[in-house]
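Right, one structure below, let's go through it.
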Amino acid sequence: MTVKVSMSVNGKPVSGEVEERTLLVSFIRETLRLTGTHVGCDTAQCGACTVVMDGRAVKSCNMLAMQAEGAELVTIEGIAEPDGTLHPMQEAFRQHHGLQCGFCTPGMVISAIDLLKNTPNPTEREIREQLDGNLCRCTGYHNIVKAIAAAAQTGGGVLRR
Amino acid sequence: MYSFKYQLAKSVADASAFVAKNSDAKLLAGGQSLIATMKLRLSQPSDLVDLGALAELRGIKVAGNTVTIGAMTRHAEVAASAEVKKAIPALASLAWSIGDRQVRNMGTIGGSVAHNDPAADYPSAVLALDATVTTNKRKIAADQFFKGMYETALEPGEIITSVSFPCPKRAAYMKFKNPASRYAIVGVFVADTGKAVRVAVTGAAPCVFRVAEMEKALSAKFAPESVASIAVPEKGLNSDLHAKADYRAHLITVMAKRAVAAAL
Amino acid sequence: MSATNFIGQSVKRKEDYRFLTGEGTYTDDVVLPRQTHACFVRSPHAHAKIRKIAKDKALKAPGVVAIFTGEDIAAAKVGGLPCGWLITDVNGAPMKEPPHPVLAQGKVRYVGDHVAVVIAESIEQARDAADLLETDYEVLPAVVNASVARAQGAPVLHDIAPDNTCYVWGIGDKAAVDKAFASAHHVTTLEFVNNRLIPNAIEPRAANAQYSRSDESYTLYVANQNPHVERLLMTAFVLGLPEHKVRVVAPDVGGGFGSKIYLYAEDVVLTWAAKQVNRPVKWTAERAESFQSDAHGRDHVTRAELALDREGRFLGMRVMTTANVGAYLSTFASCVPTILYATLLAGQYTTPLIYCEVTAVFTNTAPVDAYRGAGRPEATYVVERLVETAAREMNLEPAEIRRRNFIRQFPYQTPVALQYDTGNYEATLAEAIQAADVAGFPGRKAEAAKRGKLRGLGYACYIEACGIAPSNIAGSLGARAGLFEAGEVRVHPTGKVTVFTGSHSHGQGHETTFAQVVASRLGIAVEDVDIVHGDTGKVLFGMGTYGSRSIAVGGTAIVKALDKIVAKGRKIAAHLLEASEADIEFTDGVFRVAGTDKQAPFAQVSLAAYVPHNYPLDKLEPGLNENAFYDPTNFTFPAGSYVCEVEVDPETGSTQIVNFTAVDDFGKIINPMIVEGQVHGGLVQGIGQALTEACVYDTDSGQLVTGSMQDYCVPRADDVPSFRIGTKETPCTHNPLGVKGCGEAGAIGSPAALINALTDALGVRDLEMPATPQRVWRAANKKAA
């Protein structure tokens with residue numbers, strides 16, 4: 001059985017006819033072909049699938065597409081300015097080498113923006129503790145922590161959309 | 001994930017009637033445990049009834065000496081609530097310690113309490129604070145609610161609508177996390193209600209439980225040293241890769257001691 | 001510094017923009033027309049005979065396209081997976097190489113072993129149908145522990161290895177070592193397990209195979225570290241396909257750490273099946289499948305002894321190791337616990353006599369192969385745990401016992417086959433001691449004690465051998481592949497450059513580092529250089545990325561090609577400038593006639609090569625495109641000194657790393673930012689091994705107990721500290737860049753430093769990895785496990 005699901009993604013209304021068991025991440029990746037949102041672990045540990053739903057970071061691999069019916073989503077493709085200028089969090093990751101293979105990066109960036117939204121001036125300890133929903137196997141987190149601390153000074157906690 | 005039929009509940013009554021009639025149907029709250037289980041094909045509900053649109057199940061109210069949290073209120077909302085932080089800071093901090101930031105943005109108190117995972121955090125607060133679980137049918141006292149591993153007093157078709165926590169004089173929650181899953185290996189919630197002290201332990205056994213000996217000692221004197229030499233018997237405690245029963249028993253004492261210190 | 005010398009500069013990465021904006025293209029992002037999806041049916045048992053597989057019900061499920069089992073594979077004469085290194089037993093016999101079928105032939109040998117593949121229109125349909133496949137097993141007793149597998153009466157995995165032993169291999173002069181021990185003043189003995197790890201790159205393995213009837217060609221997109229090796233093994237040894245008809249593309253790859261080096265069963269099955277169903281077939285591992293079927297790492301049980309004289313000088317070392325290779329030999333499984341392990345046992349020291357014997361054993365577990373460090377972390381753990389323990393036993397400062405034994409004369413021939421070209425071990429140790437404020441440690445320890453906490457300090461001085469080479473010597477030691485690298489430099493008419501490298505980047509930043517090398521050598525901007533890798537259809541050849549070899553071997557291949565470009569450019573410039581070739585100098589992107597103001601910029605020369613009007617066509621071909629293959633004359637030998645300081649909460653057993661200092665000597669450094677990033681990542685993987693990560697199989701059932709991230713603890717941000725990083729440069733003497741490699745160092749040196757610190761804090765001699773809170777609590781309170 002299929003159902004119709006509609007939502008706004010990166011400011012645009014989208015809809016699709018999907019199986020009821022379709023995960024939100026599958027809808028994003030396969031129906032919308034927004035492949036920047038990744039699947040890493042299947043058990044909601046790694047956070048590579050993190051997107052923003054109605055202003056809060058959620059794991060799109062651990063919810064149904066139907067749970068996002070009518071919601072406003074922002075994926076990694078919607079984070080930068082329309083002209084391609086990087087969001088301050090993206091720019092901080094670039095400046096501080098907060099990414100290597102890039103696979104965890106979309107989820108990490110979105111989660112980091114959410115982190116600063118909730119805790120605008122975090123200590124290093126707070127950044128580390130609040131990154132508990134995202135795994136990175138490449139960077140050892142050192143430069144991710146640096147990037148988030150730097151982005152706290154450059155508006156990294158504000159989503160443009 | 002196996003196929004299922006999805007419906008968005010229009011009212012608590014409709015949802016209740018549907019799951020009462022369809023024994024393989026399940027209620028979907030935040031889904032942070034249920035969806036994960038279904039993805040692994042460990043659960044095969046015929047239908048999912050999504051409670052996500054029921055505004056009446058959401059929100060936090062403080063009235064008199066009681067904090068009432070709607071069943072569909074998310075962990076992050078409880079953690080960030082100025083009212084909860086003021087009335088029962090231990091409850092806000094417990095909510096802040098659940099899962100991870102993204103899970104807290106989806107997971108709900110009703111889902112957590114109804115699921116009664118042996119290592120979930122909320123059941124310890126419900127039990128230690130002597131909360132009342134309100135359903136569409138009745139009010140259930142905490143001591144009567146948690147029945148065993150993943151088992152509660154809820155009957156088919158019964159839906160939690162809110163949980164009411166009496167404000168304690170002082171309380172604190174201390175958790176020792178499983179390094180991998182970040183669930184509680186041992187979590188101890190200590191609450192001094194003013195009339196009595198209640199100590200509830202999660203993570204350590206198949207179901208949240210109270211430690212009478214600690215409660216008695218703390219009622220006499222609310223100080224860390226009162227519980228420092230009280231050992232919970234290993235028998236009946238969980239034993240797994242991450243923590244054998246003797247280690248869990250030891251951690252209960254340590255976490256209880258630290259919770260009391262934090263509550264002071 | 002010249003305006004066009006980018007060596008040593010922290011140039012921001014060229015690859016970052018696409019990763020930061022979601023524009024990276026990983027294998028699972030590739031969707032082909034008429035795509036089908038595959039689900040592998042895996043063994044739920046550790047050891048069982050397959051009595052029968054009934055496909056009928058599953059074939060009738062909605063969306064099913066095809067189902068293949070071992071019988072189909074056998075009927076099609078698909079070969080087994082090869083092992084790339086032949087190890088010869090101490091008795092002179094070749095190692096036992098049991099068949100490694102891509103779908104099980106009558107028997108399954110580990111949980112997750114490949115039994116069948118179900119191909120359907122959607123992945124959910126494939127999974128639904130897989131549930132309907134009826135497989136009847138006769139369950140056999142299983143063995144997961146290597147020492148148990150060698151015991152009498154243990155279950156036997158392969159008929160050709162009735163004692164489950166793949167080989168017993170030795171290196172060194174045993175009699176001389178025994179003699180040194182007999183006359184030693186002191187002997188330190190340790191027995192320990194080097195814990196089995198599961199790599200867990202965050203991108204799961206994935207593949208998407210396509211067949212074209214029009215030209216009988218195949219394209220395989222695969223998350224892989226060395227696409228040419230994948231193609232060579234698959235075409236020549238498994239499927240017997242014409243190599244030129246197979247294109248392997250490893251697009252953006254989300255981390256490898258060794259686990260994506262190998263030719264896996266899924267890659268072969270998909271490639272074969274794509275022709276059978278005449279549609280593209282895609283598979284992406286669920287994380288549970290990664291846990292079960294990615295090649296695991298480490299898993300050694302070792303008894304190690306160090307003989308010392310009265311002054312703490314090392315006289316000899318004796319090491320006996322049992323290595324678990326899993327149920328089958330993975331691609332490089334055999335060389336990891338031998339060639340890449342025992343040859344590193346000299347460490348940074350002048351130990352004159354070393355003997356090591358390694359017994360490789362088959363068990364009912366996933367195949368074990370190279371994982372970040374591959375043999376070298378195991379060797380470093382042996383050496384540095386022994387050295388630190390010996391120091392404590394002899395009441396010597398741990399730094400002092402190391403200084404007394406450091407190698408100071410180079411080149412240095414070790415007793416275990418390697419010749420170190422250069423190094424300065426004293427310098428990295430001195431800097432690490434200073435950066436870690438070792439002098440202030442007693443004060444910090446006393447302060448922690450007042451809070452009821454235990455502090456400890458531990459060292460590790462590691463040596464690494466990178467860029468395994470040369471091919472002919474490796475060949476004589478059993479290697480079945482070349483160990484060179486290839487590169488091609490294509491200068492476009494306008495002087496912009498595309499470089500094709502056989503190295504592969506899956507996070508290491510080759511697109512930037514290699515561009516810095518090229519830009520510096522040609523005197524052009526980094527933006528004017530693009531690096532292409534990971535596609536056998538574009539890159540001439542390559543051995544790929546493993547063993548921290550990319551810059552030392554792949555980078556040097558590019559330099560050799562650049563030398564040819566410059567040499568040809570000099571000829572063209574001589575013609576343009578009407579001068580003798582001998583008088584042409586090339587600096588900062590400009591060809592000049594020495595001693596004159598006559599000059600031709602690089603772009604003018606490149607344009608002349610493609611618009612050869614004023615050009616010596618009688619002597620020189622047009623165009624400016626060169627390639628080179630580089631086979632190194634020796635390994636490179638990065639080395640470093642790590643100091644770890646921990647604080648233990650004895651009540652809970654929690655360990656906090658309060659300071660971790662790493663001072664490494666990687667030779668010349670091209671991009672310090674990237675190098676530091678590599679060190680950080682390596683350190684955390686090493687810390688993961690020492691503190692949090694353990695692959696556990698149930699000893700009775702052979703089930704994988706740590707089968708998800710709920711039970712296998714990949715370190716999170718709050719498990720680890722920020723690091724103090726330093727570097728020293730003693731340039732490698734035998735490659736033109738003076739580089740050594742940095743990818744694995746952190747993972748090699750950190751476990752020993754951490755366990756040395758923890759045993760110091762706890763005042764115990766032994767502590768098993770991973771030092772989980774429960775283990776540390778037991779050690780702190782002297783409780784038996």
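Numbered from 1 within each chain, the chains take letters A, B, ... in sequence-line order.
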Check your understanding: Checking heavy atoms, do the side chain of A:Gln67, its backbone, both or neither come under 4.5 Å from chain B?
Key -> both
Practice item. Apply side chain to side chain donor-acceptor pair (under 3.5 Å) to B:Asp121 and B:Thr202, showing your working. Key: CA-CA 7 Å; B:Asp121 299 292; B:Thr202 189; over 6 Å; no
Practice item. Check each atom of A:Ser111 against the heavy atoms of chain B and say whether the ones under 4.5 Å are side chain, backbone, both or neither. Key: both
Point to revise | Largest heavy-atom contact set with chain B, pairs under 4.5 Å, which of A:Leu23, A:Val3, A:Asn118, A:Thr43 | key: A:Leu23
Revision key, fill the gap. Hits for side chain to side chain donor-acceptor pair (under 3.5 Å) against A:Thr37, two or more places apart or cross-chain, chain-then-number order -> none
Check your understanding: With a 4.5 Å limit on heavy-atom distance, are the side chains of A:Glu19 and A:Ser26 in contact?
Key -> no
Practice item. Can you tell which part of B:Leu8 gets under 4.5 Å to a heavy atom of chain A, answering side chain, backbone, both or neither? Key: neither
Review point. What part of B:Asp50 gets closer than 4.5 Å to chain A, counting heavy atoms only: side chain, backbone, both or neither?
Key: side chain
Review point. Are any non-hydrogen side-chain atoms of A:Met89 and A:Ile148 less than 4.5 angstrom apart?
Key: yes
Practice item. Identify which part of B:Leu28 has an atom lying under 4.5 Å from any heavy atom of chain A, answering side chain, backbone, both or neither. Key: side chain
Residues 95-105 of chain A, side-chain donor-acceptor partners within the protein, below 3.5 Å, at least two apart:
| residue | atom | partner | partner atom | Å |
| --- | --- | --- | --- | --- |
| A:Gln95 | NE2 | A:Glu91 | OE2 | 2.8 |
| A:His97 | ND1 | A:Leu99 | O | 3.3 |
| A:Gln100 | OE1 | C:Gln678 | NE2 | 3.2 |
| A:Gln100 | NE2 | A:Cys138 | O | 3.4 |
| A:Gln100 | NE2 | C:Gly677 | O | 2.9 |
| A:Thr105 | OG1 | A:Gly102 | O | 3.4 |

Point to revise | Side chain to side chain, B:Lys177 and B:Ile185, heavy atoms closer than 4.5 Å | key: no
**Study point:** chain A interface, residue from B:Arg74, B:Met106, B:Gln102 that has the most non-hydrogen pairs under 4.5 Å
**Key:** B:Gln102
Check your understanding: Looking at B:Tyr6, B:Trp96, B:Tyr2, which has the largest count of heavy-atom pairs under 4.5 Å with chain A?
Key -> B:Tyr6
